[in-house]
Structures are given as structure tokens and as C-alpha cells.
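Have a look at the structure below before the remarks.
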Amino acid sequence: MLTISGLGKHFGGLAVLEDVSFEVPAGGIFGLIGPNGAGKTTVFNLVTGLLKPTTGTVSFEGRSLAGLQPHQITRLGIARTFQNIRIFKEMTLLQNVMVGLHGALGYGPLALLLNQGSFRRAEAEARERALELLSWVKLQDRASMLADNLSYGDQRKLEFARALATGPRLLLLDEPVAGMNPAEKDALMEEIRNIAGRGFGVFLIEHDMRFVMGLCERIAVLNFGRVIAEGSPEEVRNDPGVIEAYLGREDGGAP
Amino acid sequence: MSILRHTLLWTAALLAGAAGGAADIKIGLAEALTGGAAQYGVPIRNGFQLAADEINAKGGIQGSKILLVIEDEQGKKEEVINVFKKLIFQDKVLMIFGPTLSNSMFAAGPVANAAKVVAFGTSNTANGITDIGPYIFRNSVMESDVLPVTVATAVKHYKIKKVAVIYGNDDAFTKSGYDVFKKVLADQKIPVTATETYVKGDVDFKAQLTKIKATDPDAIVCSALAEEAANIMLQARSLGIKAPFIGGNGFNSPKLFEISKQAGDGTFVGSPWSNTNPDPANVHFVGAYKQKFGSEPNQFAAQAYDALHIAAAALKSIKLTGRLEADRQALRDALPKVSINGATGPFKFRPAAPKDGKPGGYDADQKPFIYILQQGKFNLYTGK
Amino acid sequence: MFTQQLLNALTLGSVYALFALGFTLVFGVLAVINLSHGAVFMVGSYAALTLVTRLHLPLGIALPAAMALSGCLGMAIDVLILKPLRARNAPHLIPMIATIGVAIMLSSAAQGIFGAEILRFPEGTIPAGEFTLGEVHVRALELSIVGISFGLMAVLFLAIRRTQLGRALRAIAESPRSASLLGINVEGLFHATSFVAAALGGVAGVLIGLNFNAITPLMGQPILHKGIAVIILGGMGDIRGALLAGLFLGFAEVMSKAYLSSQMGDAVAFGLLFLILLVRPSGLFGRVLERKA
Amino acid sequence: MEWLANFWATYSTLVYSVGVFALMALSIWLTLACGLLSLANAAFMCIGAYVSALLSLHAGWPFGATLAAAGAAPALVALVIGMPTLRLSGVYLAMATLAFGEVVRIVVLNLEVTGGPEGLNGIPQSTTGWHILAILAVVVYGLLRLQRSRVGRAFEAIREDEVAASLMGINVARHKLFAFVLGAVIAGLAGGLNAHYTFFISPREYGFENAVDILTMVVLGGIGGLAGPMLGAAIITLLPELLRSLHEFRGIVNGLILVLVVLFLPKGIWDPRRLRALFGLGPGRDPGC
């Protein structure tokens with residue numbers, strides 16, 4: 001589904017990523033793990049068009065993403081969330097999700113100005129859809145609340161719903177459980193499984209090994225900007241390179 | 001301080017009105033009393049207050065006191081329109097003096113003209129002011145009446161072959177002065193070696209003056225306000241430029257030599273007014289102004305002072321009926337016939353040429369005096 | 001002629017740099033575009049004038065006194081207005097607008113007290129030394145303006161580079177939050193910065209009032225615009241940049257008047273500014289300094 | 001009735017000014033709503049005023065046509081300068097647009113056709129209260145519709161977080177340009193209207209101070225909705241009239257009011273959430289947090 005080949009990124013003289021290649025298969029949950037500073041978020045930024053690669057290519061469903069703007073990539077069917085949640089805090093939950101439906105609303109300026117049926121229908125449908133997405137993450141009761149007033153965990157869920165609103169076929173999750181307690185992590189894991197179960201491809205970044213092992217079907221491991229292993233959770237867990245990378249670091253995830 | 005004075009004036013006028021019995025004659029005064037143009041507006045108001053006090057002290061006009069309704073128009077066009085409308089429709093004044101800037105008159109003049117109320121400018125020198133309509137008057141002398149005489153006199157005196165020009169190009173007053181200079185210099189076939197500009201707020205003119213110096217002119221023609229002109233002179237001298245200056249209307253202020261001291265010596269200025277004019281009317285004005293306000297008057301104050309005397313003369317020639325519209329019209333019809341001898345010398349009106357078939361207002365018809373600056377003083381030029 | 005223009009440019013440029021110094025300092029440390037800086041500059045000028053004319057103090061006392069007074073004014077603005085805005089984390093536009101209000105108040109107050117007329121220092125306030133070097137005329141006043149400007153800038157520059165205080169300020173400029181975590185008294189340094197910046201503005205006001213013989217309630221406006229241009233060119237918050245850009249603007253202005261036309265001089269300057277911003281948002285001389293919130 | 005006629009004769013220009021500056025405030029509000037701090041709107045007003053005045057004076061165009069041109073000309077300029085400029089963010093954009101405004105003012109000051117510093121006078125008085133009311137109504141209606149659509153949501157999203165907005169499939173550059181150009185159209189219309197009731201225009205009406213004045217209106221009124229900017233415009237326009245009796249000291253009061261509002265009413269005077277909370281209606285503050 002998403003093919004990354006020979007990807008490299010240099011900031012000034014510093015190589016953050018070097019010759020990274022792997023493939024995210026269609027459907028299911030794919031994990032990219034690695035210690036902090038391994039370059040995981042940079043991969044996401046390159047895929048979503050926020051950064052331009054120094055070398056290599058990214059293609060989605062056979063189509064190269066080179067030279068595309070972030071909004072164009074989103075409209076091709078890739079959505080993402082952020083490690084440090086970036087919801088629109090001054091907007092209500094409903095509005096947040098409806099922003100995600102931006103590309104799906106096709107009415108023209110005239111319909112908008114004259115408040116024509118096509119405009120009203122489209123907006124009403126979008127509202128329905130947004131409420132439905134909120135109900136997926138069990139936030140529908142608080143649709144008219146300001147997003148800023150949500151708890152941390154709920155803000156993450158809102159960000160999921162908002163990302164889903166863009167109609168993705170692949171969902172990129174950047175450390176979805178960062179800063180959560182074990183109970184919240186479990187709940188969120190369930191949420192992600194649900195989303196994958198609805199047919200969305202999920203590609204997540206994580207450094208919490210336990211979480212990834214329990215969730216992902218395939219995993220790639222990134223260390224110092226290079227892929228050092230790829231395979232099933234079982235294969236990755238037993239890879240000596242991976243063990244070394246994680247044992248050598250203190251932040252190597254909870255046991 | 002001035003707010004206190006303002007209140008006192010009002011109170012005095014009200015008391016006088018109450019005691020005298022006869023209705024006051026309300027005259028509007030719209031001047032820029034705050035903001036950048038306040039440096040002209042404030043002396044103008046002072047001139048009017050002085051004249052009003054004098055007229056009222058002598059028993060007013062047929063027993064009625066003159067009551068000045070003073071409004072601050074801030075030198076902003078919306079504000080000046082608001083003030084004019086307030087004076088015309090709310091305060092129901094007989095006529096309006098002001099506004100301070102030519103630009104403001106272009107905005108507010110049409111309002112007064114349409115309401116058939118006289119708008120009388122004392123400081124508007126731009127061309128086309130009186131084209132607005134038959135209710136527009138001014139006693140400020142246009143540059144085009146003064147500058148040809150000034151330039152010709154200076155050219156003869158110094159045997160000038162070529163001049164350099166410097167002027168403020170973002171100010172309507174100095175720019176229109178420059179336009180007249182340009183035409184006069186062309187008419188009199190005097191080559192210009194360099195034309196330099198500055199903008200309002202500039203305090204450093206050395207770059208332009210250094211350039212002028214390199215072209216070695218016989219004189220520097222300068223359309224600037226007195227304060228800028230004085231600084232230009234000082235900086236010119238400090239750069240070693242010896243050429244004399246020829247100035248426009250903006251030079252007519254004691255500020256010029258207060259600041260420039262000897263640096264301005266040899267400057268030629270044409271003006272309807274000078275504080276050294278020995279005419280008794282002027283001597284009286286200068287003395288009374290100094291006594292009342294504790295500072296030297298300038299040309300703007302003098303013209304304001306004369307303007308109220310012009311209006312008073314017109315008022316004395318008519319009988320006020322108490323019906324506002326008729327009185328306003330009568331005043332308008334009486335004004336063109338007035339001629340007085342004031343602080344600015346003999347004065348009468350001259351009808352502006354009709355433009356596009358529409359009748360115009362009235363300009364000042366005054367002969368300018370030519371002055372030469374010597375030892376930091378304006379002296380009447382006698383040809384020696 | 002060229003040497004003379006060079007001197008003209010140096011005087012003008014160092015005045016711009018001196019004014020912009022305080023302006024850019026406040027932006028660098030407080031992240032506020034302080035549009036009352038022009039009004040503080042004006043207050044400095046009036047303060048020195050009053051001390052000289054009313055109390056008959058010599059300039060040697062009036063200048064530092066005016067400097068201290070403007071400094072206090074700057075600090076008062078920070079304590080009374082900017083501090084509460086910081087406390088509630090107002091977006092950067094808000095303090096800028098508050099400082100506009102301050103500027104209006106100050107210039108109106110100056111007009112109410114001193115009148116709209118142009119005032120000037122009495123003759124003899126400064127020795128009127130003047131000499132000629134070949135083609136070039138030099139006034140002692142101009143030399144002392146260049147001298148004072150460069151002196152103050154050097155002191156400030158060294159203070160920021162070499163002292164503990166300067167290191168603290170640079171830490172704040174990077175990120176106030178981490179600076180306060182490092183135990184730096186951020187609020188205290190904000191006040192101090194405001195004091196120093198306003199004092200510099202006040203000195204600039206006195207010097208310009210002396211050199212150009214014109215003190216008015218609105219004298220801060222034109223130089224404020226130039227100051228904005230200087231800190232953009234120099235890179236916002238960059239002290240070395242403000243110095244270079246101030247001199248650069250002085251040179252550009254004088255030279256364009258000298259060798260191009262004085263008509264469009266300012267249009268050229270601002271047009272250039274516009275283009276520079278498009279090409280190099282961090283200014284001509286500035287280094288990119290991302291502020292981490 | 002006579003009282004009313006008299007009142008209107010005295011204050012009609014003031015009312016016109018409130019309308020025109022409400023338009024100006026809305027034009028800046030529109031760019032602010034999109035997270036852009038642009039100080040170019042006074043320059044756009046200037047272009048609109050001069051284009052329409054010149055067409056009225058020299059080409060004899062009918063008023064409607066000159067107004068259309070007053071909207072179109074600044075829009076074209078905004079389109080051209082907007083594309084490169086809008087990449088800048090925050091303070092840098094403000095400074096770039098400020099520099100652009102100065103360039104416009106100085107060019108107008110030095111052209112022959114614009115009359116230089118003397119400006120243009122004798123502009124026919126074509127603007128009536130109805131013109132202003134109609135255009136204001138159309139603009140308010142249009143902006144209200146916009147606010148309730150995907151475009152309005154996109155603006156708000158861009159203002160809050162540009163990166164997140166772009167990842168919602170929003171073409172950030174195009175939306176910004178749209179806000180900028182539409183703001184220019186509104187400012188140009190305001191300029192055209194203004195020129196045709198004050199008889200006279202000159203470059204000094206469109207300088208930095210004026211740009212700042214208009215910005216102040218919006219901040220004072222509040223940027224939470226359309227009512228705020230219009231309220232701010234009304235207050236700033238009327239305040240000098242109301243404070244007229246203070247004479248020389250009204251500037252001080254004017255500045256003080258500005259400072260106090262900024263200090264004590266962070267969201268401006270018109271803050272729907274606070275007003276609702278004040279009157280105990282609707283979802284003011286959420287009790288949960």
C-alpha cells in the first residue's frame with residue numbers, strides 16, 4: 001500500500017534518515033519502532049509532505065508522492081495524528097471533525113451564498129458523518145464542547161476521529177499512547193483495533209515495545225536513521241540487533 | 001492652560017451675552033488644535049480670540065457680542081466635515097472660519113457651500129480653493145501672487161544666473177508652493193541646477209544639500225515651512241554653502257530667524273505680513289498679541305486676526321434679522337465689498353474666475369511686501 | 001562631495017542604529033513589538049529640554065537624567081501593561097496594540113503640557129564646535145553623536161556577550177520557559193530590559209533633538225517607521241544586526257538621495273525592505289532564531 | 001421630525017464613516033480570522049479610493065462602475081503581492097505588508113495623476129447612506145455564509161494550527177490568498193465609498209497610523225465574530241466626537257481606553273462566550289473543567 005524506498009533526510013550536514021526502505025501492506029496494523037531520536041517522526045513528516053526527502057521516494061498505492069503538498073497527500077487517502085496532540089482547541093469537537101471533512105464537501109460558492117439545497121444537504125450530511133465518527137470514539141455526547149476542555153486521552157481520541165474524517169485508507173498514528181497510564185493504553189489499543197477492523201490501514205510509530213508487540217502484525221525497527229530489522233513481532237523480538245539497540249538504551253520501553 | 005483660557009472665554013462671552021441682552025453673533029471656528037497641524041491651528045485660534053476680545057471690548061457689533069464657537073478639526077478630513085456640519089446645523093453659526101489646511105477645505109468647503117454658509121479660510125493657499133463655490137472666501141494670499149515678485153526682486157538684487165530648488169514633497173502647502181516656483185522660474189528663464197525634496201518629519205537635509213552644493217547655484221529656492229527652512233539654512237551653512245535663500249509663504253514666521261539666527265541672512269521673502277511692518281495697525285496687533293499670549297505672533301495669527309475684522313466690517317454693514325438663512329446670505333453678500341487696513345496692510349477681495357461655468361468664491365487681493373533677512377531680522381527691501 | 005555624504009550617512013545611520021537598539025532589544029527578549037518606543041524617545045527629548053530650560057541644568061546632567069527618566073517610563077510600561085499581558089499569555093498582536101495606546105497617550109500628554117509647537121534647546125547648550133577638513137565640514141555635535149551611539153552600542157554588546165546577565169538574557173530570548181527553569185529571574189530581567197531599552201530610546205531622543213533642533217510631540221513617528229525598517233533588516237531581536245542595519249539604512253537613504261532622486265527615496269527603501277523580507281524573512285543581517293515557546 | 005432632520009444633517013457624515021470603517025474593520029478581521037496579521041488594508045483602501053475617484057473625475061464612469069473598479073483594482077494587486085508574501089508568518093507578514101503600504105502611499109504621493117500630496121478634490125458626492133448600508137449588508141451576509149461553511153471552518157483551522165489544517169486536506173496557501181484578496185476587495189469598496197462622500201482624498205489618509213487605527217477597531221471590538229469589528233469601528237469612529245469636550249486631553253483618554261480594553265477585555269468588547277455567561281444563557285463555560 002505504502003512503499004518507502006531508499007528514503008534519506010539530511011538536516012544541514014546531519015543525516016537523520018539513511019536509505020530507509022520498507023513496505024506497509026494494505027489492511028492490518030503496521031508498526032515502526034525504535035528508540036527516541038531514531039527518526040520515526042521524520043518518516044511520517046516525509047510521507048505526509050511536511051518535509052521533502054533528500055533522497056529516495058515514497059509511493060502510495062503505486063503512485064509517487066514526490067512534489068505533492070500535504071493537503072494533496074491527505075486527499076489521496078493518508079491521514080495522521082501527532083505525538084503532541086494538535087487538535088483545534090478553540091473549536092468544538094463537532095467542528096474539529098467537520099474540518100476533516102473539508103475535502104468531502106463539494107458545494108460551490110453560489111450554493112453557499114444562496115443557501116441552496118445542495119449546500120444545506122452537504123452540510124447536514126457532513127454533520128451526520130462527524131457525529132458518527134465521534135460516536136466511534138465515544139465522544140458524541142460532548143460534540144458541542146470546546147476541544148480545549150477535553151482530557152488528554154479524549155483529545156487523542158478526538159484527533160483519531162478528525163483524522164478518520166478525511167476519508168483515509170491509511171492512518172498514520174504518531175506515538176498514540178504517549179503520556180498515558182496502562183489502563184488508558186489498553187483502552188486505546190482496543191480503539192485502534194476497532195479502527196483497523198473497519199478496514200482502515202494503520203501505520204503507527206511507537207517506542208513502547210509491549211504496546212506494539214500486542215497490536216501490530218508487522219513491525220519495522222529504526223535505529224540511528226536506518227532500518228535494522230523487519231518482520232512479525234516474534235521475529236523482531238528475537239533479533240539480536242534489536243535487542244542490542246534497546247538494551248543499550250534506558251528508554252527502551254517498559255518490559 | 002489653553003483649556004482654561006478656552007473655558008474663561010466661553011464664560012466671559014456667556015456672561016456678557018446675558019448682561020447685554022442683545023443676542024450674540026455666533027461665529028464658528030474650525031481649526032486643527034491637536035495633531036500635526038496644530039502648530040498652525042493654535043496661533044490661528046489665538047489671532048481670532050484676540051480680535052474677538054478687542055471687538056467685544058469696544059461694544060461688539062451693534063450691541064451684540066461676537067461669540068466664537070471653537071471646534072478642533074484635528075486636520076483630518078472626516079473630522080473637519082463633522083465639525084463643519086456641527087457648526088452649521090447644530091450650533092447654527094452665522095459663518096465659519098477655517099479649516100486650517102487646504103486639504104481640509106477641499107473636504108469641508110463643499111459642505112458649507114451647499115448649506116449656503118460662508119467658509120472663510122485664513123490659511124488655505126492652495127490653488128482651486130475658491131473654485132469650490134461662491135460661499136468660499138479666503139484672506140490668505142496665494143503663492144502665485146507673491147512668488148513672481150519675490151523671485152524677480154531677488155534675481156535683480158543678486159544678479160542670479162542659476163538656482164537650486166528644495167521643497168517638501170509630501171505636504172500640500174510646500175508642494176503647491178514648489179509648483180508655483182517651478183512655473184515662475186520657467187517664466188523668468190532661470191535654469192535650475194538641482195531639484196531636491198524631503199518629507200515631513202525629516203530633520204536631516206544634509207544629503208540633499210551636499211548634492212546642491214556640488215551644483216554651485218547662485219541661490220537656493222526653498223518651499224518649506226519656517227521650522228524646516230531654518231534647519232535647512234543651518235545645515236546649509238554648516239556644509240559651507242554661501243548661496244542666499246529665496247523663500248515662499250512658509251518662511252513668514254519669527255521662528256525662521258529665531259532658529260536660524262544669522263544663517264538665514266540675505267534670504268528674500270515675499271509676504272502680505274511681517275512682524276516688523278511699521279504700519280500702526282500691525283504694531284498694535286503685534287503688541288497686543290505678545291501681551292495676551294506671551295509669544296511672538298506669526299503670519300497665521302495675523303491673517304486670522306484680520307479675518308475677524310473683515311467679518312466684523314461686513315456685519316456692521318448689514319442689519320441682522322434673527323432669521324438664520326437670511327442673515328447668512330446677507331453676510332455672504334456683504335463680505336466681498338469689505339476693504340480694511342489690518343495687520344497685513346490694506347486688504348480687499350477679488351472674485352475668483354468662474355470655473356466650468358460655475359461661480360467661484362473670493363480670493364485675497366493684496367500686494368506683497370518683499371523682505372530681506374538681515375542680522376536675524378526681516379527688513380523691508382527697498383532696492384538698495 | 002562623496003566624503004561629505006559618507007559623513008552624513010554615518011551620522012544618520014548611527015542615530016537610526018541607536019534608536020533601533022532599544023527597539024530590537026525589547027523584541028528579542030520580550031518578543032513584543034513595542035510601538036511606544038517612538039513616544040519614549042520623544043519623552044526623553046522633552047525631559048532633557050525641561051531640565052535644561054526650567055532647572056538650568058547643564059547637558060552633562062540633563063542627558064543622564066533624561067535617560068534615567070525614560071528608562072523608568074519604559075519599566076513602568078512593562079510592569080503596568082506588558083506584565084499582565086504576559087501573565088495571561090496574550091497573543092503577540094495584543095501587547096503591540098497596547099503599546100499603540102501608550103504612544104497615543106504619551107504624545108497627547110506632551111502636547112497638552114508643552115503645546116504643539118516645535119521646541120528647541122537654547123543656544124549654548126552644547127559647544128558649537130565646527131571645523132573643515134578639506135571639502136568636508138564637520139560639527140563637533142555630529143562627532144559626539146556618532147561617538148555616543150557607538151559607545152553605548154559597544155557597552156550593550158559586550159554586556160550581552162560577556163556577562164552573566166547577558167547570558168541570562170540570551171537564554172530568555174531562546175525560551176523564557178526553560179530560562180525560568182534554569183532559575184533565572186525572568187520577570188526581573190524583563191523589567192530591566194525594558195528599562196535599558198527605553199533609556200537608550202531616551203538618549204536617542206535627546207541627541208536627535210540637539211542635532212536637528214526640533215522637538216515636537218509627534219517626533220517619534222517618523223523615526224519609529226525607520227526603526228521598524230532597521231529591525232527587520234537587522235533581523236528581529238538581533239543587536240549586532242540592528243547596528244549594521246541602522247548604518248546600512250542611513251547609507252542607503254543618503255546615497256539614494258545623493259545619487260538617485262530624493263523623490264522616491266523612501267519608496268525605494270520600503271520597496272527594498274519588502275523584497276528583502278520575501279527573500280530573507282530573518283533580515284539581511286539576522287540569523288534565524290526560532291523561539292521555542 | 002425637524003429634530004431628526006437636523007440630527008441627520010449634522011451627523012450623516014459621521015454615520016457614513018461608521019459604516020465605511022465597519023467595512024474596513026471587517027476586511028482586516030477576515031485576514032485575521034485566517035491567522036494573517038496584514039497591515040496592507042489601508043493601502044488597499046487607498047487604491048480603491050484613488051481608482052474610483054479618478055474614474056469618476058476623468059473618465060466619467062457611473063458610480064456603480066467606479067465602485068466595481070474600486071473593489072477589483074486592489075483585488076488584482078492583492079493577488080500579485082499575496083502569492084509571495086503570504087508565505088511569511090506572524091510579525092514578518094505584518095512588517096512586509098506594512099512596507100507594501102508605505103510603498104503605495106509614497107507612489108501615490110509622487111504621481112502626477114493622483115495629485116501628489118494635494119490629493120484629488122472635487123470628487124462628486126455620489127455615496128448615500130443606502131449605498132453604504134447595502135454594501136455593508138452584502139458583505140456581512142457573505143461573511144456570515146462563509147463563516148458557516150467549510151471555508152469558514154478552514155480559516156479557523158488555519159488560524160489555530162496551519163500544519164494540522166493542511167493535513168486535514170485544506171489547501172492552506174489558497175485559503176490564505178482568498179482571505180487576503182477578499183479583504184482587499186472589501187477595503188477597496190470602503191475606499192471608493194469614502195472618496196465619494198468626502199469630496200477629497202489625499203495620501204495622508206492611508207498611512208501607517210490609519211492601518212493601525214483599523215486594526216485597533218478589530219482588537220477593541222473582538223475577533224470572535226462579525227459583530228465585534230463593527231462595534232469596534234463604531235466606537236473608534238464615535239469616540240473622538242463623544243470626547244470632544246475634553247479638547248486637548250481627549251488623545252490621552254483615547255489611548256487609555258485602548259490600553260484598558262486590551263488589559264481587561266482580552267477577547268475584545270464583543271465576546272459572545274462572555275456575554276452568554278453574563279446572561280446565563282447557553283453553553284458558556286463548561287462545568288467539566
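First the proteins, then the strands, lettered A, B, ... as listed; each starts at 1.
- Using a 4.5 Å cut-off between heavy atoms, A:Asn115 touches chain D through backbone and side chain atoms alike.
- Between A:Phe82 and D:Val163 the shortest heavy-atom distance is CZ-CG1, 4.0 Å.
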(request) Quick one: do A:Ile73 and D:Leu167 satisfy side chain to side chain contact (heavy atoms under 4.5 Å, CB included)? Show the steps, please. (result) CA-CA 8 Å; A:Ile73 293 173; D:Leu167 289 170; over 6 Å; no
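- Each of D:Glu160, D:Arg150, D:Met168 was checked for a side chain to side chain contact (heavy atoms under 4.5 Å, CB included) with A:Val99, and the lone residue meeting it is D:Met168.
- Only the side chain of A:Leu50 comes within less than 4.5 Å of a heavy atom of chain D; its backbone N, CA, C and O stay farther away.
- With respect to D:Ile170, the side chain to side chain contact (heavy atoms under 4.5 Å, CB included) criterion is satisfied by exactly one of A:His71, A:Arg75, A:His102: A:His102.
- Only the backbone of D:Arg148 comes within contact range of chain A, judged by heavy atoms closer than 4.5 Å.
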What donor-acceptor contacts under 3.5 angstrom involve side-chain atoms of residues 125-143 of chain A, with partners at least two apart or in another chain?
residue: A:Ser135; atom: OG; partner: A:Glu132; partner atom: O; Å: 2.5
residue: A:Arg142; atom: NH1; partner: A:Asp154; partner atom: OD2; Å: 3.2
residue: A:Arg142; atom: NH2; partner: A:Asp154; partner atom: OD2; Å: 3.1

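- Under the 4.5 Å side-chain criterion, counting only non-hydrogen atoms from C-beta, A:Leu105 is not in contact with D:Ser149.
- With a 4.5 angstrom heavy-atom cutoff, A:Thr166 touches chain D only via side-chain atoms.
- Heavy-atom pairs under 4.5 Å with chain D peak, among A:Arg80, A:Gln69, A:Arg162, A:Gln95, at A:Arg162.
- Within residues 83-91 of chain A, the residues approaching chain D closer than 4.5 Å by heavy atoms are, in numerical order, A:Arg86, A:Ile87, A:Phe88, A:Lys89, A:Glu90, A:Met91.
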